[in-house]
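Remarks on the structure that follows.
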2 protein chains.
Amino acid sequence: MVPPAATSTPTKPSRTLSTAEERREAILTAAMPVFAEKGYHAAPTTEIAKGAGISQAYLFRLFPTKEELFVAVIERSRERMIETFTEAADRADAEGLDPTEQMGIAYGDLVGSDRDVLLVQLHAQAMSGFMPAARKAMRDCFAALYALAAERTGGSPEELKLWFAGGMLINVMTAINAEQVDQPWARALTDFDGDCFNG
Amino acid sequence: MVPPAATSTPTKPSRTLSTAEERREAILTAAMPVFAEKGYHAAPTTEIAKGAGISQAYLFRLFPTKEELFVAVIERSRERMIETFTEAADRADAEGLDPTEQMGIAYGDLVGSDRDVLLVQLHAQAMSGFMPAARKAMRDCFAALYALAAERTGGSPEELKLWFAGGMLINVMTAINAEQVDQPWARALTDFDGDCFNG
DNA sequence: TCAAGGTGTGAGTATGCACTCACTCACTTC
DNA sequence: GAAGTGAGTGAGTGCATACTCACACCTTGA
């Protein structure tokens, strides 16, 4: 049960092969921007495999279908959001700030800086219409986020609805870069300071 | 100048060919559900042409690229929304009802009954990330809808923002059929009666 | 009646895709 | 060291796709 080789140099890992779990992580990391940019159908698995540094054949061993890979990417983007919200809520608690507002700000920052998370969400929403696996993943996503928001903000269902609605608007406005448009509609729909969605 | 064959049955129109404009309309009608279901990349132009009752070759004469066709479909879905809102506002005016509320209800009905309009919007939003033509079409769409809503409801920018945010939430919840889910998050996020978004 | 131009197509081309198969090599166990 | 298992791949297969081209037919105007 003891590792046999204390003899080999300890600076290098004795193992040259990666574990399947490491590869899976690498694939998800590589897949995220590709799905974000091109959407489900136009994202080539060859490109994802290349980005992960493995062969396409091995990609399909680890994720038997492209759809399973897509769902895993949706779940990963959900995890990113959960992390973001949790950190923001922790910070709000520590500094005595309004958690609803802090989580909202953190979300705006997240989708503004990490467009992959945003675009994966949008593609997944659109695919939900006719791809049951994506629909399920999106429902799970909303379930988790709603539970987290309810717990950390203590808001009423009505307040939470408003807060989610604001999030959906941020998504779309960010996707079309409305903040770069100098027109009344764009100014009105991208004004998230001193916001009605927060408390 | 007289059609040469008064001998043929007069119940048939003398013209056997359609005009290009009629064909264009037929193509858009056929393209809408295909793009809605499959998204931009996975929607085959062969299937669209077949649905429109013409050859694929002629489709490409009328819409030189698939992208132009996609943009035209986005614009058509915008027109549907404009019609819906206009009718609802007219009705509200005629019957002394609140236009904001009536337009909101009409929108919910539209996306609930005509999923094509909804899904085309969602696909277009997702494509906006990396397809400038789709982004432009979506911006135009928001510009037109915002102008209409502002004129017909007289709402403040803040009120209009709330109203649009509610619309974005309706979109997503409808896409994932959240109203069929019996869980707290789904009940809260699909409760659009007596709504905070309406005045 | 005939030319001009619009309507319309069959049959491609070149490319890209998800997924498979047969196979090699690294590592562990006994 | 032998035997088993998991990591990893080169080289496909079969099919679908956007777009093209040469060509035919219908309609109109003079």
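These numbers come from the heavy atoms of this one structure, side chains and all, not from hydrogens, waters or symmetry mates. To find a chain, count down the sequence lines: A is the first, B the second, and so on, and within it residues start at 1.
The NZ-P distance, from A:Lys66 to C:dG16, rounds to 15 Å in whole Å. Between the CG atom of B:Leu59 and the P atom of D:dT17 there is a distance of 13 Å, given to the nearest Å. Whole-Å rounding puts the B:Lys38 NZ to C:dC17 P distance at 18 Å. Distance B:Phe60 CZ to D:dT20 P: 8 Å, rounded to the nearest Å. Between the CD1 atom of A:Ile27 and the P atom of D:dA7 there is a distance of 12 Å, given to the nearest Å. Distance NZ (A:Lys50) to C1' (C:dA18): 17 Å, rounded to an integer number of Å. Computed from coordinates, the B:Glu67 CD to D:dC19 C1' distance equals 14 Å when rounded to whole Å. Between the CD atom of B:Glu21 and the P atom of C:dG8 there is a distance of 13 Å, rounded to whole Å.
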Worksheet item: Is there a salt bridge (charged side-chain N to carboxylate O under 4.0 Å, His left out) between A:Glu75 and A:Arg78 once you walk through the steps?
Response: CA-CA 5 Å; A:Glu75 284 166 355; A:Arg78 176 186 74 192; 5.2 Å; no

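Residue order along DNA chain C, read from the 5' end via each residue's closest nucleotide, puts B:Gly53 first among B:Gln56 and B:Gly53.
Taking every side-chain heavy atom of B:Ile54 into account, C:dT9 is the closest of D:dA7, C:dT9, D:dA18. Minimum atom distance to the side chain of B:Thr46 is reached by D:dT17, of the listed D:dC19, D:dT17, D:dG8. Among the nucleotides D:dG12, D:dC19, C:dG10, the one closest to the side chain of B:Thr65 is D:dC19.
Atom CG of B:Leu148 is separated from atom CE of B:Met103 by 4.5 Å, given to the nearest 0.5 angstrom.
Tested against B:Trp163 for a ring-ring contact (aromatic ring centres under 6.0 Å, His included), the candidates B:Phe192, B:Tyr146, B:Tyr107, B:Phe85 yield a single pass: B:Phe85.
Here the side chain of B:Lys66 pairs a donor or acceptor atom with the backbone of B:Ala43 at under 3.5 angstrom.
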Which pairs would a plain distance check flag for residues 180-187 of chain A, meaning a side-chain donor or acceptor within less than 3.5 Å of a matching protein atom at least two apart in sequence or in another chain?
{"residue": "A:Asp182", "atom": "OD1", "partner": "A:Arg187", "partner atom": "NH1", "Å": "2.4"}
{"residue": "A:Gln183", "atom": "OE1", "partner": "A:Trp185", "partner atom": "NE1", "Å": "2.8"}

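The phosphate of D:dA7 has neither OP1 nor OP2 within less than 4.0 Å of any side-chain N or O from A:Arg23. Of the side-chain N and O atoms in A:Thr45, one or more sit less than 4.0 angstrom from OP1 or OP2 of C:dA18.
Nucleic acid contact for A:Ala42: none, since no nucleic acid atom lies under 4.0 Å from a heavy atom of the residue.
Judged by atom type and distance alone, B:Arg61 reaches the base of C:dG8 through a side-chain donor-acceptor pair under 3.5 Å.
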